Amino acid sequence: MQLSEQERVRRDKLTTLKGMGINPYPADQFHYTHSSTQVKENFEEGKKVVVAGRLMSRRIQGKASFAELQDGEGRVQVYFNRDEICTGEDKTLYNEVYKKLLDIGDFIGIEGELFTTMVGEKTIKVLDFKLLSKSLKPLPLPKKDREGHEYDGFQDAEQRYRQRYVDLVVNPGVKDIFKKRSALFTAMRNFFNEKGYMEVETPILQSIPGGAAARPFITHHNALDIPLYLRIANELYLKRLIVGGFDGVYEFSKNFRNEGMDRTHNPEFTAMEIYVSYKDYNWMMEFTENLLEYCALQVNGTTKTMFKEHHVDFKAPYKRVTMTAAIIQFTGFDITGKSEEELRTAALEMNLEVNETMGKGKLIDEIFGEKCEGKFIEPTFIIDYPKEMSPLCKEHRDNPDLTERFELMVCGKEIANAYSELNDPIEQRERFEDQMKLSQKGDDEATEFIDYDFLRALEYGMPPTSGLGIGMDRLIMFLTNNPSIQEVLFFPQMRPEKKKVELTEEEKVVIDLLKVTSPQALEEIKSKSELSNKKWDKAIKGLRTKDQATVDKTNEGLFVNLV
RNA sequence: GAUCUGAUAGCUCAGUUGGUAGAGCAUCUCCCUUUUAAGGAGAGGGUCCUGGGUUCGAGCCCCAGUCAGAUCACCA
């Protein structure tokens with residue numbers, strides 16, 4: 001392993017510590033009495049405390065030193081004085097252990113008493129300390145001056161996401177995002193549980209990926225010898241539970257979609273779905289706005305928030321705009337009663353990219369998406385979607401072309417989607433079949449599987465039900481003013497880091513030959529390499545175990561491939 | 001998938017027309033008892049993302065690639 005000088009120095013210190021009889025990774029529990037915030041909030045001059053944390057900065061001035069200790073809640077200043085720590089003749093603990101063998105990043109436990117410095121900083125005077133865990137890699141050290149300007153920040157997005165642990169240690173704002181994320185989940189759970197709805201779990205491995213139209217990840221179950229799909233949605237399973245007789249069920253659902261990645265899409269993301277029996281989408285709208293108002297308050301302490309340049313207020317109630325009205329408002333075009341051809345012509349006149357595979361629903365969605373969606377900044381319910389793009393939604397009670405569906409738009413983005421759920425099993429079957437036709441026509445967003453077990457469940461009877469789905473990642477992006485989904489996920493998906501592989505001299509010879517042409521006939525490359533049989537064998541086996549090359553047997557013979 | 005931008009010390013970043021690789025912080029050594037981004041003095045630390053090419057000579061120019069970011073496309 002290639003070590004930097006600083007890493008070697010820290011390993012040497014580790015050895016020295018062990019040589020002095022100090023265990024750098026002790027096993028025993030460390031009993032602390034106060035957290036950093038408790039120290040500051042319940043501050044009393046002269047009070048004895050025991051604290052633990054990571055050493056984050058040091059200012060050494062000879063026989064005295066100030067340092068900062070960081071724990072789960074924040075930082076507190078500690079004061080090391082040689083003669084306080086080493087009361088006798090032996091000054092090793094201060095001169096050697098503290099000054100020379102500790103580093104920024106080490107975890108230590110401290111026993112001390114509180115005092116206020118001349119500059120007024122609440123501080124712990126160290127009477128004794130103990131190394132709890134030695135850190136072998138130097139942390140980046142961002143610093144802030146009095147005006148809040150940051151120096152030497154750890155800001156490179158790639159490094160921050162790949163090494164989130166470092167990001168969290170060093171950038172306190174990052175921790176706050178995830179505390180808020182957790183607070184949001186707690187708030188929703190409380191809101192639902194208080195109303196008597198039950199949190200449930202449904203399968204992530206599904207033999208039919210249903211409930212949405214999206215490209216699934218596929219895997220294989222060996223014992224059953226069948227394909228299984230990672231869920232793209234949990235909707236159909238939650239409705240089965242409503243059929244089974246629960247009044248309200250909800251699930252925070254990790255969903256997986258094998259589609260593009262960008263700052264608003266991660267291959268796995270979290271949705272919350274809730275289904276409540278005997279309700280309709282009008283009830284659900286009111287429920288949703290109350291829910292979001294409550295969540296915003298719990299997370300931020302206020303319903304008002306900023307997202308980029310937009311001021312957003314989650315205070316209920318929100319405006320309701322029909323999709324038809326929205327399209328008229330922004331394009332002047334009335335979609336009511338229009339045929340597929342008329343819609344396509346209108347879309348073309350608006351310079352939208354449309355094609356023959358698009359049905360009515362898709363065309364309307366395109367017009368809405370391009371011309372209207374981005375215009376709704378304040379939370380707004382868009383209601384009454386065309387039937388064709390909502391295969392799981394009940395037909396509108398007043399208009400058979402529409403469905404009882406709403407989406408909640410915030411800052412031009414969808415964050416919630418809800419229906420009066422379709423519970424007519426015969427119509428549901430027809431809608432699925434229509435989707436199949438769209439799919440065969442080439443619409444890759446249409447559902448291509450029919451879940452017959454779900455239809456069977458509906459045939460037993462599902463009460464009138466309203467369902468709501470909320471994109472949790474998106475919502476937390478809005479509540480924390482983060483335009484990138486990667487900032488609100490602890491570990492966003494990244495391309496794997498390429499490990500640099502150490503190759504032997506013989507292996508390098510073969511790789512260099514493969515770089516010229518690949519695949520190459522085994523006998524040919526072997527003679528070109530001019531290696532002995534034994535060395536050749538070792539080299540090619542080495543390359544195969546290091547995943548640098550493969551040997552493939554074809555009708556033409558054996559070939560070596562560069563990976 | 002397309003376009004643009006970027007990758008240099010542990011971190012943040014300079015690097016001129018192609019001519020010995022730089023700064024601040026961090027690290028190491030020495031001095032220093034109430035500081036708060038930053039006390040003083042000195043020292044060490046580099047696969048300039050990778051692989052080719054041009055050239056007497058490449059961190060810099062050319063080609064190919066890797067990774068990331070932004071914009072777009074895609075996305076119930």
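On a predicted model such as this, the values are computed, not experimentally measured, just so you know. Here is how names work: the chains are called A, B, and so on, in the same order as the sequence lines, proteins then strands, and each is numbered from 1.
Within the 4.0 angstrom heavy-atom criterion, only backbone atoms of the sugar-phosphate kind lie near A:Gln486; the bases stay farther away. If you check every strand for non-hydrogen atoms under 4.0 Å, A:Phe115 touches a base. A:Glu121 comes within contact range of at least one nucleobase, with a heavy-atom separation under 4.0 Å. Contacts of A:Lys125 with the nucleic acid, taken as non-hydrogen atoms under 4.0 Å apart, are absent. Residue contacts shown for A:Asn417 are absent, as no nucleic acid heavy atom lies under 4.0 Å away.
Pairing of B:rC48, defined by two Watson-Crick or G-U wobble distances under 3.5 Å, is not identified with any nucleotide. The partner of B:rU3, taking Watson-Crick or G-U wobble pairs whose two distances both stay under 3.5 Å, is B:rA70. In this entry B:rC11 has B:rG24 as its Watson-Crick or G-U wobble partner, both defining distances falling under 3.5 Å. Across the strands present, B:rC56 finds its partner in B:rG19; the criterion is a Watson-Crick or G-U wobble pair with both atom distances under 3.5 angstrom.
If you measure from atom CD1 of A:Ile383 to atom C1' of B:rA76, you get 18 Å, rounded to the nearest angstrom. At whole-Å resolution of the value, CD in A:Glu68 and P in B:rA38 are 9 Å apart. Here the P atom of nucleotide B:rA37 and the CZ atom of A:Phe66 are 13 Å apart, to the nearest Å. A straight line from CG of A:Asp156 to P of B:rA70 spans 12 Å, rounded to a whole angstrom. Atom CE of A:Met118 and atom P of B:rU36 are 11 Å apart (whole Å). Between the CZ atom of A:Arg263 and the C1' atom of B:rC74 there is a distance of 13 Å, rounded to whole Å. Atom pair A:Met56:CE and B:rC25:C1' shows a separation of 14 Å (rounding to whole Å applied). To the nearest angstrom, P of B:rC31 lies 10 Å from NZ of A:Lys63.
Spacing between B:rU50 and B:rU3 at atom P, rounded to whole Å, works out to 24 Å. Nucleotides B:rC25 and B:rA37 have their P atoms positioned 15 Å apart, rounded to a whole Å. For the P atoms, the distance from B:rC4 to B:rA26 is 41 Å, rounded to whole Å. B:rG45 and B:rG10: their P atoms are spaced 12 Å apart (whole Å). The separation of B:rU27 from B:rA38, taken at their P atoms, amounts to 12 Å, rounded to a whole angstrom. Here the separation of B:rC31 from B:rU12, taken at their C1' atoms, is 29 Å to the nearest Å. If you take atom C1' in B:rG24 and the same atom in B:rG15, they sit 15 Å apart, rounded to whole Å. Between B:rG44 and B:rG22, the distance separating the two P atoms is 12 Å to the nearest Å.
Proximity of the aromatic rings of A:Phe80 and A:Phe66 is defined here by a centroid distance below 6.0 angstrom, and this criterion is not met.
Contacts of A:Phe43 classified as ring pair (Phe, Tyr, Trp, His ring centres under 6.0 Å), with partners at least two apart in sequence or in another chain: none. Listed by chain and number, the residues in a ring pair (Phe, Tyr, Trp, His ring centres under 6.0 Å) with A:Phe376 are A:Phe330 (sequence neighbours excluded). Applying the ring pair (Phe, Tyr, Trp, His ring centres under 6.0 Å) test to A:Phe454 and every residue at least two apart in sequence or in another chain returns nothing. With sequence neighbours left out, the ring pair (Phe, Tyr, Trp, His ring centres under 6.0 Å) criterion links A:Tyr275 to no other residue. Under the rule for a side-chain contact (heavy atoms from CB on, under 4.5 Å), the partners of A:Lys125 that lie at least two apart in sequence or sit in another chain are A:Tyr79, A:Glu84, A:Glu113, A:Phe115.
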Heavy atoms under 4.0 Å is the rule here; annotate nucleotides 5-11 of chain B 5' to 3' with B where the base is hit, S where only the sugar-phosphate is, and - elsewhere.
-----BB
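The side chain of A:Thr117 lies closest to B:rU36 when the candidates are B:rA76, B:rG69, B:rU36. Among the nucleotides B:rA76, B:rG69, B:rU27, the one closest to the side chain of A:Val9 is B:rU27. Distances were taken from every side-chain heavy atom of A:Met494 (C-beta onward) to each of B:rA73, B:rA68, B:rU35; the shortest belongs to B:rA68. Closest to the A:Ala213 side chain, of the nucleotides B:rU35, B:rA76, B:rU33, is B:rA76. When each of B:rC32, B:rA76, B:rA37 is scored by its nearest atom to the side-chain atoms of A:Lys143, the top-ranked nucleotide is B:rA37.
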At a cut-off of 3.5 Å, list every protein nitrogen or oxygen paired with a nitrogen or oxygen from nucleotides 39-42 of chain B, distance to 0.1 Å.
none

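Applying the salt bridge (Lys or Arg N to Asp or Glu O under 4.0 Å) test to every pair with at least one member in residues 257-269 of chain A, sequence neighbours left out, gives these pairs: A:Lys254-A:Glu268. Sorted by first and then second residue, the pairs that involve residues 407-418 of chain A and meet salt bridge (Lys or Arg N to Asp or Glu O under 4.0 Å), not counting sequence neighbours, are A:Arg405-A:Glu407.
Considering every non-hydrogen atom in both A:Pro216 and A:Asn258, the closest pair reads O-CB, 3.6 Å.
Taking the six-membered ring where tryptophan is involved, the planes of A:Phe252 and A:Tyr250 are perpendicular, since the angle between them exceeds 60° and thus also 30°.
Positionally, the nearest nucleotide of RNA chain B for A:Asp103 lies more toward the 5' end than for the other of A:Asp103 and A:Arg474.
A salt bridge between A:Arg344 and A:Glu340 is present, with a side-chain N of the basic residue lying under 4.0 Å from a carboxylate O of the acidic one.
Contact of A:Asp262 with B:rA73 (side chain to base): a donor-acceptor pair of N or O atoms is detected under 3.5 Å.
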Does the salt bridge (Lys or Arg N to Asp or Glu O under 4.0 Å) test come out yes or no for A:Lys134 and A:Asp106, once each step is laid out?
CA-CA 5 Å; A:Lys134 180 96 192 125; A:Asp106 291 350; 2.7 Å; yes
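Ring-to-base geometry places A:Tyr151 in a stacked arrangement with B:rA37 (centre distance under 5.5 Å, plane angle under 30°).
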